[in-house]
K.L.:
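Encoded as structure tokens, here's the structure I'll be asking about.
Every chain is numbered from 1 and lettered A, B, ... according to where its sequence line falls, protein lines coming before strand lines.
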Amino acid sequence: MVTKVKVVRDILEVNERVAAENRSRFDATGVRVVNLMSAPGAGKTTLLERTISSLGSSLRMGVVEGDIQGSQDAERIERAGAVAVQINTDGACHLDANMVATAVAELDLAALDLLVVENVGNLVCPAEFNVGEHAKAMILSLPEGDDKPAKYPLMFHESRVLLINKMDLAPHVNADPERIERDARTINPEIEVFRVSCVTGEGLGGWYDWLRALQGG
Amino acid sequence: MHELSLAQNVVEILCEEATTHGLTRITSYRLAVGELRAVVPEMLRTCLKIVGRGTAVDGAAMDLQVVPGRIHCSCGEMFDVSELLFLCPGCGRPGGEIISGQELMLVEIEGD
């Protein structure tokens, strides 16, 4: 006999449940967690190296490194002076709450003020999977083009912060940071935008202040 | 390629529902997927076939209903998202509250 059943269940409910458990663990130790997302090559790891060397003396930082394969990024973070745990997703294009739960089990969360989850390079999927973070931050580098907010709106909608990176390349690329900022605010009026260069250090003060403020909030 | 992860979640939930309702096999089911989720239906379909092999979902027909993105602006205007930018055609202001378009739901199953 054929049975028809109305169910109405959220497909991501399993992930949401684990994300809530992660969040409880973070809150129990007082560590603040940022989920950092961008396309590959936008400058996530370089931003973190800069951030660690500038804030490392006042903020105890840890990084969960998500990559499809390899551990180069975790090695770079450790050389910069922070604790790092590498996750290899073996092909998956984003981190989910379960993977982050496994990684943070290796960290002494009570010894950290700030934990950054460096997501897999991708402008689509990471925005859909909460990992228990307090805030999502994203990087768009100028050479990627100023049409990206319109093409990938979900990540801009979900992020509290947008760093427009590689501003030092502005004279050489045909992309308008004004348009990026305007379109990002059209999708998400609350988004904080910092125009930065992780090579020259330009504009990073605003990002550091935001991270410090997150500690208080 | 979030379709593969989504497919894994869908199959897991379908198998749970099959057990809950005493079904040995799911013959068809319906998903509601919001436009703003950027899911490629054909890719999801392929992933579901692969992930579903050897489970109670194997061979089930999938019906995918796309839910349009709709925004409720603070000026009171309701509008469909166009070109994925959230600009109110009434007052010209950006943002607004997303009313629909972010769904990822299993809504109905059929089995025996």
Side-chain angles (χ1 to χ4, degrees), chain A residues 1-19 37 68 89-99 119-131 147-158 179-191, chain B residues 1-14 16-18 20-40 44 48 69 71 73-74 81-88 92-96 98 101-112:
Chain A
M1 191 190 75
V2 175
T3 312
K4 197 177 211 174
V5 192
K6 299 268 181 212
V7 282
V8 189
R9 281 186 63 179
D10 185 344
I11 291 165
L12 292 178
E13 66 175 40
V14 178
N15 187 69
E16 291 300 323
R17 201 158 57 223
V18 180
M37 309 176 291
I68 292 178
T89 61
D90 292 327
C93 55
H94 59 271
L95 295 178
D96 66 18
N98 230 338
M99 297 182 215
N119 222 306
V120 179
N122 181 338
L123 275 183
V124 184
C125 317
E128 295 197 319
F129 293 82
N130 292 325
V131 298
D147 57 349
K148 293 303 169 288
K151 282 185 162 171
Y152 302 96
L154 185 65
M155 190 167 287
F156 292 84
H157 187 264
E158 297 293 307
R179 182 182 170 200
I180 294 172
E181 201 163 330
R182 192 177 60 239
D183 284 359
R185 288 191 206 283
T186 304
I187 295 159
N188 177 0
E190 310 288 313
I191 199 165
Chain B
M1 249 299 280
H2 55 164
E3 284 79 2
L4 184 58
S5 302
L6 295 178
Q8 285 165 333
N9 283 283
V10 170
V11 169
E12 194 173 320
I13 289 174
L14 281 170
E16 273 178 32
E17 290 294 328
T20 307
H21 298 286
L23 305 170
T24 49
R25 191 170 71 102
I26 289 181
T27 50
S28 71
Y29 57 98
R30 185 142 50 92
L31 302 176
V33 176
E35 188 183 6
L36 304 177
R37 288 290 184 170
V39 169
V40 181
L44 180 62
L48 282 164
I71 308 279
C73 181
S74 53
V81 173
S82 63
E83 294 170 0
L84 299 177
L85 284 175
F86 305 171
L87 210 57
C88 176
R93 266 183 301 199
I98 299 177
Q102 289 193 296
E103 297 77 0
L104 279 176
M105 304 290 282
L106 171 66
V107 288
E108 195 176 83
I109 58 172
E110 229 177 88
D112 50 31

K.L.:
Identify the two heavy atoms, one from B:H2 and one from B:A38, that lie closest to each other, and give their separation to 0.1 Å.
P.N.:
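Smallest interatomic distance, heavy atoms only, reads NE2-O, 3.0 Å.
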K.L.:
Does any part of the side chain of B:H21, heavy atoms only, come nearer than 4.5 Å to the side chain of A:V7, both counted from C-beta?
P.N.:
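With C-beta onward as the side chain, the pair touches.
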K.L.:
With rounding to the nearest 0.5 Å, note down the distance linking CD1 in A:I191 to OG1 in A:T186.
P.N.:
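Here the interatomic distance stands at 11.0 Å.
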K.L.:
Which atoms of B:E103 are under 4.5 Å from chain A, going by heavy atoms: the side chain, the backbone, both sets, or neither?
P.N.:
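Answer is neither: B:E103 stays 4.5 Å or more from chain A.
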K.L.:
I need the residue from B:D112, B:T20, B:L6, B:L106 with the largest number of non-hydrogen atom pairs under 4.5 Å to chain A.
P.N.:
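Between B:D112, B:T20, B:L6, B:L106, the count favours B:L106.
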K.L.:
Heavy-atom distance under 4.5 Å between the side chains of B:N9 and B:L104, does that happen here?
P.N.:
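Sidechains of B:L104 and B:N9: no contact.
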K.L.:
Quick check: under 4.5 Å, non-hydrogen atoms only, which of residues 24-32 of chain B neighbour chain A?
P.N.:
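So far as heavy atoms go, B:R30, B:L31 are the residues that approach chain A to under 4.5 Å.
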K.L.:
Go through the steps to decide whether A:H94 and B:S5 satisfy the test side-chain hydrogen bond (donor to acceptor under 3.5 Å, both in side chains), and finish with yes or no.
P.N.:
CA-CA 9 Å; A:H94 59 271; B:S5 302; 3.2 Å; yes
K.L.:
Heavy atoms only, distances under 4.5 angstrom: which of A:D96, A:I11, A:L154 has the most pairs with chain B? Name it, please.
P.N.:
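Going by pairs under 4.5 Å, I would pick A:I11.
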K.L.:
Using non-hydrogen atoms and a 4.5 Å limit, figure out which bit of A:R9 sits close to chain B: side chain, backbone, both or neither.
P.N.:
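Contact with chain B: backbone and side chain both.
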K.L.:
Counting only non-hydrogen atoms closer than 4.5 Å, does B:I98 touch chain A with its backbone (N, CA, C, O), its side chain (CB onward), both, or neither?
P.N.:
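For B:I98, the side chain is the part near chain A, not the backbone.
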K.L.:
I need the A:M37 CE to A:L95 CG distance, nearest 0.5 Å.
P.N.:
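CG of A:L95 is found 11.0 Å from CE of A:M37.
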K.L.:
Where do A:I180 and A:P149 come nearest, in terms of heavy atoms and distance?
P.N.:
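Taking every non-hydrogen atom into account, O-CG, 3.8 Å.
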K.L.:
I'd like to know whether B:L23 forms a side chain to side chain contact (heavy atoms under 4.5 Å, CB included) with B:E110, so could you lay out the CA-CA distance, the side-chain angles of the two residues, the decisive distance to 0.1 Å, and finally the verdict.
P.N.:
CA-CA 9 Å; B:L23 305 170; B:E110 229 177 88; over 6 Å; no
K.L.:
B:I109 versus chain A, heavy atoms under 4.5 Å apart: side chain, backbone, both or neither?
P.N.:
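For B:I109, heavy atoms of backbone and side chain both lie under 4.5 Å from chain A.
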K.L.:
Select one option (side chain, backbone, both, neither) describing which atoms of A:F129 are under 4.5 Å from chain B's heavy atoms.
P.N.:
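Contact with chain B involves the side chain of A:F129 alone.
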K.L.:
Donor-acceptor pair, A:N188 side chain versus A:F156 backbone, under 3.5 Å?
P.N.:
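Pair found, side chain donor or acceptor close to backbone of A:F156.
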K.L.:
Between A:N98 and A:N15, is there a side-chain heavy-atom distance shorter than 4.5 Å?
P.N.:
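Counting from C-beta outward, A:N15 and A:N98 never come under 4.5 Å.
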K.L.:
Tell me, out of B:E108, B:E17, B:Q102, who's got the most heavy-atom pairs with chain A below 4.5 Å.
P.N.:
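The option with the most such pairs is B:E108.
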